[in-house]
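Data first, discussion second: the structure below is written as structure tokens.
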Amino acid sequence: MAKRRTKKRTHRKVSEEELAKIPRSMVLRIGSSLRNHSLTQLVKDFRNVMQPHTAINLRERKSNKLKDFVVMAGPLGVSDLFIFNQSEESGNISLRLGKMPRGPTLQFKINSYSLMKDVSRILKRPKSAGKDSKIFHNPPLLVMNGFQSKVKEASQHEQLLITMFQNLFPPIQPQSTNVASIQRVLMINKDPETQEISLRHYAINTKLVDGNRNVKKLINSHHNLKKSLPNLSKATDVADMLLDPYSVGGVTSDSEVEDDAIVEIKNNEAITKKKESEKTETAPTRKRAIKLTELGPRINMTLMKIEEGLIGSSKTIYHSQVSKDEKDIQKLNEKHALKQKLKAERRAKQQANVASKLKVKEEKKKRKLARKNGEDMNADGSGSDSDSDDEKPEIRAEDYENDSDLYSDVEMSD
């Protein structure tokens, strides 16, 4: 009996080290944003952007606090937290991006946003993409525009901003990454004048450019079962089908593709055969036209501040609207150090109180166990009931002797 063939290329096991390096994220909403249905839908759409390494079916409750998600992020291997929140006073919507486990945290103000359903309405031919679609099986390609290309020329907060964005998705390895697996693009553009950051999400569509249009029509009719195959009974040669524009569905109405959108892609099968046979011949290439179809959502936001630690009351290292001199920065550092010292003292005091309570509780358990076994806990030979008598409140007769109004109502009624 022949041995069953196994697919080694598509069923490659991923090691634990590679899994640990993959960035994982959680997108959630807290506070009054739970009552904003539009913001709730934006959170769901943004989870589609961060697929597949995100908690797509995460459900928040009104009783959940931010601390609950931070505690659970460690065991689940989450590296990034996206928190959408709406202020009850001003109604402004903010987005905080926190890096686990120690920060930093970027806080953005969302100026405007559009949902996926809003984007699909304005497109002539929208692309249907549910959360279980095949295009979400791989992370998107990150494209950044408008940022400082040279790290030395960029400011410190912009360097941190670029680093945070670059580490949202796994790095691409050009030698081993399959081009066909990249089916989405996340473009982050920064306006140098207004400093506004815009996020756009696109799907990648490819189309063959080489070859005769009649052959393309024939191939498309083979893949699409709704289209009928052309009638070739009157044709005497293959050239009749290739040269006659009316043989396969008439003159095509496909629009011409711009030269900038045409790329050459090497044939993967030829490359595989080349590696197996170790030949030096060049692999054949095919020209494909690339078209981007926007999926949504759209987000326009502005960086407000950067905190040194994780999400919470940590030290602010950058603020877009507040500038401090060296004296003010020194005062804030001293204030922050004093705050951390008081916090450490309170924590030590709480731990001491908890330890003392646990000690009393353990001693009480021992006494109960001794009474149950009939043993004596006191060294003077008194019974084990003395502990329970000591716990009762002491009643003294002197406390009730001088109470002259104790029976006043009874004497007056007589």
Side-chain angles (χ1 to χ4, degrees), residues 5-25 48-54 77-80 99-100 127 129 133-152 154 159-190 199-211 257-293 295:
R5 177 176 173 268
T6 57
K7 297 181 179 180
K8 298 181 180 179
R9 184 174 56 188
T10 57
H11 293 75
R12 186 178 66 89
K13 293 183 179 180
V14 182
S15 62
E16 295 182 358
E17 296 180 356
E18 293 179 356
L19 288 175
K21 294 180 180 179
I22 296 177
R24 303 181 185 276
S25 61
N48 290 331
V49 177
M50 302 303 298
Q51 281 203 75
H53 307 297
T54 188
V78 176
S79 59
D80 301 287
K99 195 71 176 179
M100 295 293 295
K127 185 177 181 61
S133 180
K134 293 182 180 180
I135 63 175
F136 296 117
H137 291 177
N138 295 292
L141 176 66
L142 181 63
V143 178
M144 301 178 63
N145 182 35
F147 297 90
Q148 290 289 344
S149 58
K150 296 182 180 179
V151 181
K152 296 182 180 180
Q159 293 179 14
L160 183 59
L161 185 64
I162 295 172
T163 305
M164 291 282 286
F165 284 150
Q166 288 178 347
N167 293 327
L168 293 179
F169 304 103
I172 295 177
Q173 300 177 358
Q175 297 179 354
S176 60
T177 303
N178 188 8
V179 180
S181 63
I182 303 175
Q183 300 183 7
R184 293 184 295 139
V185 173
L186 177 61
M187 189 182 71
I188 303 178
N189 183 33
K190 181 181 179 182
L199 274 73
R200 299 292 186 270
H201 186 213
Y202 299 93
I204 301 176
N205 297 325
T206 59
K207 185 179 180 181
L208 284 172
V209 178
D210 295 337
V257 183
E258 297 180 359
D259 295 337
D260 296 339
I262 299 176
V263 296
E264 293 183 358
I265 300 176
K266 293 183 179 180
N267 192 355
N268 294 332
E269 297 179 356
I271 294 174
T272 307
K273 293 179 181 179
K274 174 187 173 184
K275 290 181 179 179
E276 293 177 354
S277 59
E278 295 182 357
K279 293 182 179 180
T280 57
E281 297 178 0
T282 58
T285 59
R286 294 180 298 176
K287 291 184 178 181
R288 285 183 174 270
I290 297 178
K291 181 181 178 182
L292 299 180
T293 305
L295 297 175

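Just so we're clear, the structure is a prediction, and the values are computed from it rather than from any experiment.
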For Pro52 and Phe136, the nearest pair of non-hydrogen atoms, with its separation, is CB-O, 3.6 Å

Can you name the closest pair of heavy atoms from Leu168 and Pro23 and give their distance?
-> O-CB, 3.6 Å

Backbone N/O of Arg24 and side chain of Ser79: donor-acceptor pair under 3.5 Å = yes

Using side-chain heavy atoms (C-beta onward) and a distance below 4.5 Å, is [X] in contact with [Y]?
X	Y	result
Leu141	Ile172	yes
Asn145	Ile188	no
Leu142	Val185	no
Leu186	Val49	yes
Lys127	Leu295	yes

Dump the intermediate steps for side chain to side chain donor-acceptor pair (under 3.5 Å) on Asn205 and Thr293, then the final yes or no.
-> CA-CA 7 Å; Asn205 297 325; Thr293 305; 3.0 Å; yes

For Asp80, side-chain hydrogen bond (donor to acceptor under 3.5 Å, both in side chains) partners two or more places apart =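 side-chain hydrogen bond (donor to acceptor under 3.5 Å, both in side chains) check on Asp80 returns Lys99.
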
Could you pull out all residues at least two apart from His201 that satisfy side-chain hydrogen bond (donor to acceptor under 3.5 Å, both in side chains)?
->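 For His201, the residues satisfying side-chain hydrogen bond (donor to acceptor under 3.5 Å, both in side chains) (neighbours in sequence not counted) are Arg184.
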
Pairwise side-chain hydrogen bond (donor to acceptor under 3.5 Å, both in side chains) hits with a residue in residues 161-171, at least two apart = none

Output the distance between atom [atom1] ([X]) and atom [atom2] ([Y]), rounded to the nearest 0.5 Å.
X	Y	atom1	atom2	value
Ile182	Ile204	CD1	CD1	6.5 Å
Tyr202	Ile135	OH	CD1	14.5 Å
Met50	Phe169	CE	CZ	4.0 Å
Met187	Leu199	CE	CG	9.0 Å

Derivation of the side chain to side chain donor-acceptor pair (under 3.5 Å) call for Gln51 and Thr54 | CA-CA 6 Å; Gln51 281 203 75; Thr54 188; over 6 Å; no

